[in-house]
Amino acid sequence: MYFGKTLRSSINKSLTPIFTIFTLLTFSSGAHAAEAGKQITFMDILLNPSAEAVVLWILIAASIAMLTWIIELFIKLRKDKLAPPAVIALLRDAIASGNYQMAYEVCVANPSFLSNIMQAAFENIGLGKHGVEESMNENFAKQAVRLKSRNNYLSVIGVTAPMIGLTGTVLGMMKAFAVLGQSGVANMTGLSSAISEVLIATASGLGVAIPAFIFFYYFKNAMTTAFADVHAEAKTLLRPIPFDQLQGYGVDRKR
């Protein structure tokens with residue numbers, strides 16, 4: 001019983017200074033807004049040479065990179081981009097007529113995810129079904145890794161952006177406590193400005209991280225579906241090929 005009372009008393013003594021500081025910071029921020037009529041904004045920090053401004057510029061650069069990769073993935077993961085219907089039609093006609101040289105040339109002339117896979121297959125068509133599937137799967141994995149690497153960058157941004165924002169938060173809190181230590185609660189303007197920088201840095205880091213994670217998982221699921229569809233299409237195209245009759249056959253890669 002005594003231990004419980006002692007523990008509660010210790011916790012209350014530890015938390016009291018923290019609650020006092022947050023109360024002062026909240027009060028000073030509201031008082032500054034009422035007195036000055038203007039709070040520190042994102043642009044105020046961004047255009048003012050300081051460590052916090054460097055943090056925000058880093059977050060802006062990260063958001064630009066994030067937007068670039070998101071647009072790129074939206075374009076490259078379209079079904080008609082990964083496996084163009086016109087290319088599929090040309091490959092079917094060439095395979096149906098047994099003209100594997102033409103099928104190879106269609107792949108070379110129309111680069112895409114599917115045509116690159118099929119190009120590797122036609123280059124090794126004389127190795128038999130097992131050799132063709134092995135070379136096709138190897139090429140498939142290489143192309144998939146290139147697209148997945150773009151998506152992994154979104155995950156990196158999602159992880160690091162809050163840390164970068166936290167750096168700005170720490171710098172702002174250091175400034176806030178420096179003002180509090182020098183002037184106490186008398187300097188409401190300086191204290192409120194420092195706290196505003198803290199909140200802006202934190203919000204900016206989260207504002208970059210949240211969409212980065214959302215699109216990371218969106219594209220991760222989209223890739224799983226898209227890659228499965230392309231792989232199935234490639235296997236469908238290979239099905240009519242009589243591999244047993246093409247042992248030692250090779251396409252002319254110089255044409």
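Computed over heavy atoms, backbone and side chain alike; hydrogens, waters and symmetry mates excluded.
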- Name all residues meeting the side chain to side chain donor-acceptor pair (under 3.5 Å) criterion together with S112; count only those two or more places apart in sequence or in a different chain, and write none if there are none.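 S112 satisfies side chain to side chain donor-acceptor pair (under 3.5 Å) with S115 once adjacent residues are dropped.
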Could you tell me the separation between the [atom1] atom of [X] and the [atom2] atom of [Y], rounded to the nearest 0.5 Å?
| X | Y | atom1 | atom2 | result |
| --- | --- | --- | --- | --- |
| S204 | I58 | OG | CD1 | 12.5 Å |
| I117 | L237 | CD1 | CG | 10.5 Å |
| H231 | T236 | NE2 | OG1 | 10.5 Å |

- Residue pairs involving residues 216-228 (criterion side chain to side chain donor-acceptor pair (under 3.5 Å); sequence neighbours excluded):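 Side chain to side chain donor-acceptor pair (under 3.5 Å) check on residues 216-228 returns no pairs.
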- Item | Sequence neighbours excluded, every pair satisfying side chain to side chain donor-acceptor pair (under 3.5 Å) that has a member inside residues 85-97 |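 Counting only pairs at least two positions apart or across chains, the side chain to side chain donor-acceptor pair (under 3.5 Å) contacts touching residues 85-97 are R92-E233.
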- Item | ring-ring contact (aromatic ring centres under 6.0 Å, His included) partners of F216, counting only residues at least two apart |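 For F216, no residue satisfies ring-ring contact (aromatic ring centres under 6.0 Å, His included) once neighbours in sequence are set aside.
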- Item | All ring-ring contact (aromatic ring centres under 6.0 Å, His included) counterparts of Y100, not counting sequence neighbours |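 Counting only residues at least two positions away or on another chain, Y100 forms no ring-ring contact (aromatic ring centres under 6.0 Å, His included).
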Taking all non-hydrogen atoms of both residues, which atom of [X] and which atom of [Y] are closest, and how far apart?
| X | Y | answer |
| --- | --- | --- |
| A226 | L82 | CB-CD1, 3.5 Å |
| V55 | T167 | CG2-CG2, 4.3 Å |
| K235 | M136 | CG-CE, 4.2 Å |
| A83 | I88 | O-CD1, 3.8 Å |
| F113 | A144 | CE1-N, 3.9 Å |

- Query: Between E133 and F243, does a side-chain contact (heavy atoms from CB on, under 4.5 Å) hold up when you go through it step by step?
  - Reply: CA-CA 11 Å; E133 289 183 347; F243 292 103; over 6 Å; no
Test side chain to side chain contact (heavy atoms under 4.5 Å, CB included) applied to [X] - qualifying residues, sequence neighbours left out:
| X | value |
| --- | --- |
| A212 | M66, I157 |
| A94 | M102, A103 |
| K79 | none |
| I214 | I210 |

- Selection residues 150-165 - residue pairs positive for salt bridge (charged side-chain N to carboxylate O under 4.0 Å, His left out), sequence neighbours left out: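 Found E72-R150.
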- Task: Hey, could you give me each pair passing salt bridge (charged side-chain N to carboxylate O under 4.0 Å, His left out) that has a residue in residues 134-147? Not counting sequence neighbours.
- Result: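 Non-adjacent pairs meeting salt bridge (charged side-chain N to carboxylate O under 4.0 Å, His left out): E138-K142.
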- Message: side-chain contact (heavy atoms from CB on, under 4.5 Å), that's the test. Do W69 and F219 meet it? Break it down for me.
- Response: CA-CA 11 Å; W69 289 320; F219 287 126; over 6 Å; no
Heavy-atom side-chain proximity of [X] to [Y] below 4.5 angstrom:
| X | Y | answer |
| --- | --- | --- |
| V159 | F213 | yes |
| L147 | N151 | no |
| T202 | L166 | no |

- Message: Side chains of Q143 and N139 only: does a donor on one sit below 3.5 Å from an acceptor on the other?
- Response: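 Judged by distance alone, the side chains do pair up.
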Report whether [X] and [Y] are members of the same hydrophobic cluster (ILVMFWY, side-chain heavy atoms less than 4.5 Å apart, transitive linking).
| X | Y | value |
| --- | --- | --- |
| F74 | L154 | yes |
| L206 | I60 | no |
| I64 | I71 | no |

- Query: How about Q247: does its CD atom have over 12 heavy atoms from other parts shown lying under 6.0 Å from it?
  - Reply: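 Counting other residues, nucleotides and ligands, CD of Q247 exceeds 12 neighbours.
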- Task: Check the pair L73 / M223 against side-chain contact (heavy atoms from CB on, under 4.5 Å), numbers first and verdict last.
- Result: CA-CA 10 Å; L73 288 172; M223 283 179 184; 3.6 Å; yes
- Item | Steps toward side-chain contact (heavy atoms from CB on, under 4.5 Å) verdict (C107, L91) | CA-CA 8 Å; C107 294; L91 289 175; 3.7 Å; yes
Pairs of donor and acceptor atoms involving the side chains of residues 121-131, under 3.5 Å and at least two apart or interchain, shall be tabulated with distances.
residue: E123; atom: OE2; partner: Q119; partner atom: NE2; Å: 3.2
residue: N124; atom: ND2; partner: A120; partner atom: O; Å: 2.8

